[in-house]
Amino acid sequence: MTETLAARAAGEGRLGSFRVNRMGYGTMKLTGWPEGKQPARETALAVLRRAVELGVNHIDTSQFYDRDGLNANELIREALHPYPDGLVLVTKFAAFDPGLTPDGLRKNVEINLETLGLDRLDVVNLRVGDAAAPAEGSLAEPLTALARLQEEGLIKHLGISNVTRRQFDQARDLAPFVCVQNAYNVAMRDADPLIDACEQAGIAFTPFFPVGGFQPLTAEHLDIVAKRHDASPQQVALAWLLARSPSILLIPGTSDPKHLEENIAAASLKLTDDDLALIG
């Protein structure tokens, strides 16, 4: 494939009132949270700066991406503040301390505002469910509490993460939200109904684990398509997600500068109808 190192090659998508390039970046791997290899601090800062140089204007983060002296929000602020015009930072709150009670959510907002160096958070995702998968449960208390903080001007937009279709429907009755962030990739397609619902409603869908968990048969098909385009299977997997729905915004993460450029290059990879049929 002819590599174009520009996030804008994937086209633009809507994230509430924001227009962002559909190829974004996720920061979790910059800290090695919850476990795994940690980059040197200077490498993490360089990756963030390079991502923005390549046109990334949608960065996913969280205060709880924190391990052994590396905190994702603090890295973003050190690398990029004062932030360039058009950069959208999306954070998330989960059941980690200070939690999802009304008081805990307010503390979460205050901490994220401080560590990111902002007066208002662009987008906050309410992360619920189990660690491995969504789990049924009411979103009423935490989402209503976040909506109150939004009314105070502390948050621009809300999102929901790791939700079931029932929770998606409940959330639409509770408060406006602009994105859904669930696990999804070529081998993990339980969220198909949610993606279709998001597309119909004009809501962004941001898959986490975008290149994870391939089954052998799917991986074999990815390899075949990758050879057709002189690309890697991971690049094909990202291109497949971009082709799956215009509502999909990508936030692949990495702590390696070379891998970052490979991910960004996937923004320009256009799969054919034959490729898509083979992948299934």
Side-chain angles (χ1 to χ4, degrees), residues 1-13 20-30 36-37 39 47 50-51 54-56 58-60 132-134 162 165 179-200 204-280:
M1 97 179 166
T2 301
E3 293 187 359
T4 300
L5 283 179
R8 68 177 181 275
E12 285 189 333
V20 296
N21 293 324
R22 294 181 66 205
M23 182 63 74
Y25 175 71
T27 60
M28 187 174 75
K29 291 186 178 180
L30 288 183
K37 184 179 179 181
V47 166
R50 182 59 173 153
L54 294 173
V56 167
H58 169 203
I59 295 179
D60 180 82
N162 203 37
R165 177 56 194 268
C179 56
V180 174
Q181 189 177 106
N182 270 40
Y184 188 76
N185 57 54
V186 293
M188 187 187 299
R189 304 193 193 185
D190 290 347
D192 272 328
L194 274 178
I195 293 174
D196 295 338
C198 284
E199 184 174 338
Q200 184 175 8
F205 184 92
T206 310
F208 61 84
F209 301 149
V211 295
F214 300 143
Q215 300 298 322
L217 183 62
T218 306
E220 178 185 350
H221 289 169
L222 287 177
D223 288 339
I224 293 170
V225 174
K227 288 176 182 176
R228 291 176 180 173
H229 294 274
D230 192 24
S232 71
Q234 290 75 25
Q235 287 173 319
V236 171
L238 293 173
W240 179 85
L241 286 167
L242 290 171
R244 168 62 180 83
S245 169
S247 69
I248 287 182
L249 305 177
L250 296 185
I251 50 166
T254 182
S255 61
D256 179 81
K258 183 176 183 294
H259 187 206
L260 170 70
E261 295 190 355
E262 291 170 353
N263 287 343
I264 299 298
S268 64
L269 176 55
K270 309 301 182 187
L271 301 182
T272 67
D273 289 343
D274 287 344
D275 296 332
L276 295 172
L278 180 61
I279 295 170

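Since we're looking at a predicted model, the values are computed, not measured.
We find the CD1-CD distance between I279 and E220 to be 12.5 Å, quoted to the nearest 0.5 Å. With rounding to the nearest 0.5 angstrom, the OG1 atom of T27 is 8.0 Å from the CD1 atom of I59. One finds the NE2 atom of H221 at 5.0 Å from the CG atom of L278 (value rounded to the nearest 0.5 Å). The structure places CG of L250 at 4.5 Å from CG of L242, a figure rounded to the nearest 0.5 Å. Here CG of L269 is found 10.5 Å from CG of D230. Values are rounded to the nearest 0.5 Å. For the atom pair R22 CZ and L238 CG, the distance stands at 11.5 Å (nearest 0.5 Å).
Judged by distance alone, with hydrogens and angles left aside, the side-chain atoms of N21 form no donor-acceptor pair with the main-chain N or O of M23 at under 3.5 Å. No side-chain donor-acceptor contact under 3.5 Å links N162 to the backbone of N182. Under the 3.5 Å distance criterion, the side-chain polar atoms of Y25 are matched with a main-chain donor or acceptor of T254.
For P210 against A237, the heavy-atom pair with the smallest separation is O-CB, 4.4 Å. The heavy-atom pair separating A266 from Q235 by the smallest distance is CB-O, 3.7 Å. The two residues V180 and C198 make their nearest non-hydrogen contact at CG2-SG, 3.6 Å. When all heavy atoms are compared, the tightest approach of E261 to L5 is O-CD2, 3.2 Å. L249 approaches A204 most closely through the heavy-atom pair CD1-CB, 3.7 Å.
Residue pairs that meet the salt bridge (Lys or Arg N to Asp or Glu O under 4.0 Å) test with at least one member in residues 231-260, sequence neighbours left out, are D192-R244, D196-R244, K258-E262. Note on residues 250-280: no pairs pass ring-ring contact (aromatic ring centres under 6.0 Å, His included), not counting sequence neighbours.
When the shell of 6.0 Å around CZ of R50 is examined, it contains more than 12 heavy atoms from other residues, nucleotides or ligands. Summarising the local packing, NZ of K270 is surrounded by more than 12 heavy atoms from other residues, nucleotides or ligands at distances under 6.0 Å.
With P233 as the fixed residue, the side-chain contact (heavy atoms from CB on, under 4.5 Å) test singles out one of V186, V225, V211, D223: D223.
Using the six-membered ring where Trp is involved, Y184 and W240 have ring planes that are parallel, under 30° apart on the 30 and 60° scheme.
Between P207 and L241 the shortest side-chain heavy-atom distance falls below 4.5 Å. No side-chain heavy atom of V47 sits under 4.5 Å from any side-chain heavy atom of S255.
Applying the salt bridge (charged side-chain N to carboxylate O under 4.0 Å, His left out) rule to D190 yields no partners; only residues at least two apart in sequence or on another chain are considered.
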